[in-house]
Asker: 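Sharing a structure with you now.
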Amino acid sequence: MIVVTGATGQLGRQVVHHLLAQGVPAAQIIAVDRDSADANELSTLGVEVRFADYDLPETLAPAFAGADKVLLVSSPAGTDATRVKQHQAVIGAALESGVQLLAYTSVTHAPTNTMGLAPVHRATEQAIAASGLPAVILRNGWYAENHTAALRGAVTYGALTGSAGNGRMAAVSRADLAEAAAVVLTREDQAGKTYDLTGDTTWTLSDLAAEAAAQSGTTLTYTDLPAEQYRQVLQQAGLPEHIVELIVDADVAIAGGTLDHVTSDLSTLLGRPTTPMSAIVAQALRA
């Protein structure tokens, strides 16, 4: 049995669908989420839906009952201390349940990554190692969708803004990362492995603007702003404060070269090249 936590989230839901596409019987998949109502679509596919909440440790072990493998999708919000505590609760429940493999969605270059979200992942990787639980670490690259989600609005107004300067990133589609997670969960002998999952090429936000302009037939330029000014732009757009800080911090890190590295781990797992930026842009403009 394979358990996918956060199964109604943007990544977890896609992992479930990729497991099914790879031939895993629906009866062998358990979708775990804190809002079972959101998982109705998965249950119609024959996947078992179980309730669990990272903040309610007592719910986790029952949700993992009978599981051979568990995918821990990292918690998306909260303070660093809260998120680490949530992850530790999942690790403890996996141990209690006799899980044979824990897969964890970490961050690319976790040991040296300077992004504000990296310390949580480093602490979680350390907790997993200390637990002795057989585990595989999926160091996910930066989601390209973190930038392409704003493209339709940017095309409308003719401007894409950010604070990433000329920094390059090997950003990757969420769908590619979900497929890779499903591949790992269906393979044997994964314990002890670490994958650094990036796109095959790097690009800048200026490259992104140029691609969107070409596909939309409009004029679109990238305007680089000081971090504080960009923060104000995002706040005025009504984004939640924690999202604002995540985006600004990421752009500053990109400008500093944190995401300017490429590995072949993802394309090797997929058995094909990673989805190119042009295809991700096309999907974003169609959405």
Asker: What is the minimum heavy-atom distance between Ala180 and Leu269, and which atoms define it?
Answerer: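 Smallest interatomic distance, heavy atoms only, reads CB-CD1, 4.1 Å.
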Asker: Decide yes or no on salt bridge (Lys or Arg N to Asp or Glu O under 4.0 Å) for Arg168 and Asp207, but give the supporting numbers first.
Answerer: CA-CA 9 Å; Arg168 305 190 68 83; Asp207 295 333; 3.7 Å; yes
Asker: Which label fits His121 and Tyr104: parallel for a plane angle under 30°, tilted from 30 to 60°, or perpendicular past 60°?
Answerer: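 Rings of His121 and Tyr104: tilted, 30 to 60°.
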Asker: Check Ala103 against Leu185 and note the closest heavy-atom contact, atom names and distance.
Answerer: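 Smallest interatomic distance, heavy atoms only, reads CB-CD2, 4.1 Å.
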Asker: Quick check: do Phe51 and Leu56 have side-chain heavy atoms less than 4.5 Å from each other?
Answerer: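 They are in side-chain contact.
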Asker: Consider only side-chain N and O atoms of Thr223 and Thr161, and report whether a donor and an acceptor are under 3.5 Å apart.
Answerer: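 On atom types as modelled, these side chains do not qualify, holding no pair under 3.5 Å.
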Asker: Is it the case that Gln10 and Gln14 place a side-chain donor and acceptor less than 3.5 Å from each other?
Answerer: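 Not at all, the side chains of Gln10 and Gln14 share no donor-acceptor pair under 3.5 Å.
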Asker: My understanding is that only one of Asn113, Asn140, Thr263, Asp265 makes a side-chain contact (heavy atoms from CB on, under 4.5 Å) with Thr108; could you say which?
Answerer: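 Option passing the side-chain contact (heavy atoms from CB on, under 4.5 Å) with Thr108: Asn113.
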Asker: Side-chain heavy atoms under 4.5 angstrom apart, residues restricted to Ile, Leu, Val, Met, Phe, Trp, Tyr: same cluster for Val262 and Leu266?
Answerer: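 No, Val262 and Leu266 fall in different hydrophobic clusters.
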Asker: Can you tell whether the side chains of Arg272 and Asp176 come within less than 4.0 Å, N to carboxylate O?
Answerer: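 The answer is yes: the pair qualifies as a salt bridge.
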Asker: How far apart are the closest heavy atoms of Ala65 and Ile30, and which atoms are they?
Answerer: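 Taking every non-hydrogen atom into account, O-CD1, 4.3 Å.
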Asker: Tell me the closest heavy-atom pair linking Thr186 and Lys69, and the distance in Å.
Answerer: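 Of all heavy-atom pairs spanning Thr186 and Lys69, the closest is C-NZ, 4.2 Å.
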Asker: Show the nearest heavy-atom pair for residues Val16 and Ala7, with the distance to one decimal.
Answerer: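 Taking every non-hydrogen atom into account, CG2-CB, 4.5 Å.
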Asker: Out of curiosity, Ser75 OG to Gln86 CD, how far, rounded to the nearest 0.5 Å?
Answerer: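 Nearest 0.5 Å value for the OG-CD distance: 3.5 Å.
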Asker: Decide if atom CD of Gln232 counts as having more than 12 heavy atoms of other residues, nucleotides or ligands within a radius under 6.0 Å.
Answerer: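 Enclosed.
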Asker: Quick one: does Asp224's side chain have a donor or acceptor within less than 3.5 Å of a partner on Ala164's backbone?
Answerer: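 A pair under 3.5 Å: yes.
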Asker: Does Gln283, at its CD atom, have more than 12 non-hydrogen atoms belonging to other residues, nucleotides or ligands within less than 6.0 Å?
Answerer: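 Atom CD in Gln283 is not packed in, count stays at 12 or less.
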Asker: For Asp260, is the CG atom crowded, meaning more than 12 foreign heavy atoms sit under 6.0 Å from it?
Answerer: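 It does: Asp260 CG has more than 12 such atoms within range.
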Asker: Please name the pair of heavy atoms, one in Tyr54 and one in Ala89, separated by the smallest distance, quoted to 0.1 Å.
Answerer: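 The pair with the smallest heavy-atom distance is O-CB, 4.1 Å.
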Asker: Please check if any side-chain donor atom of Glu41 sits under 3.5 Å from a side-chain acceptor atom of His17, or the reverse.
Answerer: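 A donor-acceptor contact under 3.5 Å links the two side chains.
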Asker: Check whether Leu72 and Leu117 end up in the same hydrophobic cluster, where Ile, Leu, Val, Met, Phe, Trp and Tyr are linked by side-chain heavy atoms less than 4.5 Å apart.
Answerer: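 Leu72 does not cluster with Leu117.
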Asker: Would you say that Val248 contacts Arg231 through its side chain, given a criterion of any heavy-atom pair below 4.5 Å between the two side chains?
Answerer: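 They are in contact (side-chain heavy atoms under 4.5 Å apart), so the answer is yes.
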Asker: Quick check: does any side chain N or O of Gln235 sit under 3.5 Å from a backbone N or O of Glu241, one acting as donor and the other as acceptor?
Answerer: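 It does not hold such a pair.
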Asker: Within a strict 4.5 Å, meaning less than it, do heavy atoms of the Asn146 and Ile247 side chains meet?
Answerer: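 No, side chains not in contact.
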Asker: Passes side-chain hydrogen bond (donor to acceptor under 3.5 Å, both in side chains), Ser267 versus Thr274? Steps please.
Answerer: CA-CA 6 Å; Ser267 56; Thr274 61; over 6 Å; no
Asker: Is the shortest heavy-atom distance from the side chain of Leu71 to the side chain of Thr5 under 4.5 Å?
Answerer: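 With C-beta onward as the side chain, the pair stays apart.
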Asker: In terms of side-chain heavy atoms, does Thr82 have a donor or acceptor partner in Thr79 at a distance below 3.5 Å?
Answerer: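 There is such a pair between these side chains.
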Asker: For the backbone of Val120 and the side chain of Asp80, can you confirm whether one donor and one acceptor N or O come within less than 3.5 Å of each other?
Answerer: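 No, the answer is negative, given that no donor and acceptor are paired below the 3.5 Å cut-off.
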Asker: Given 3.5 Å as the limit, does a donor-acceptor pair link the side chain of Gln190 with the main chain of Glu188, or not?
Answerer: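 Between the backbone of Glu188 and the side chain of Gln190 there is a qualifying donor-acceptor contact (under 3.5 Å).
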Asker: Ion pair present between Arg122 and Glu125, side-chain N to carboxylate O less than 4.0 angstrom?
Answerer: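 No, Arg122 and Glu125 are not salt-bridged.
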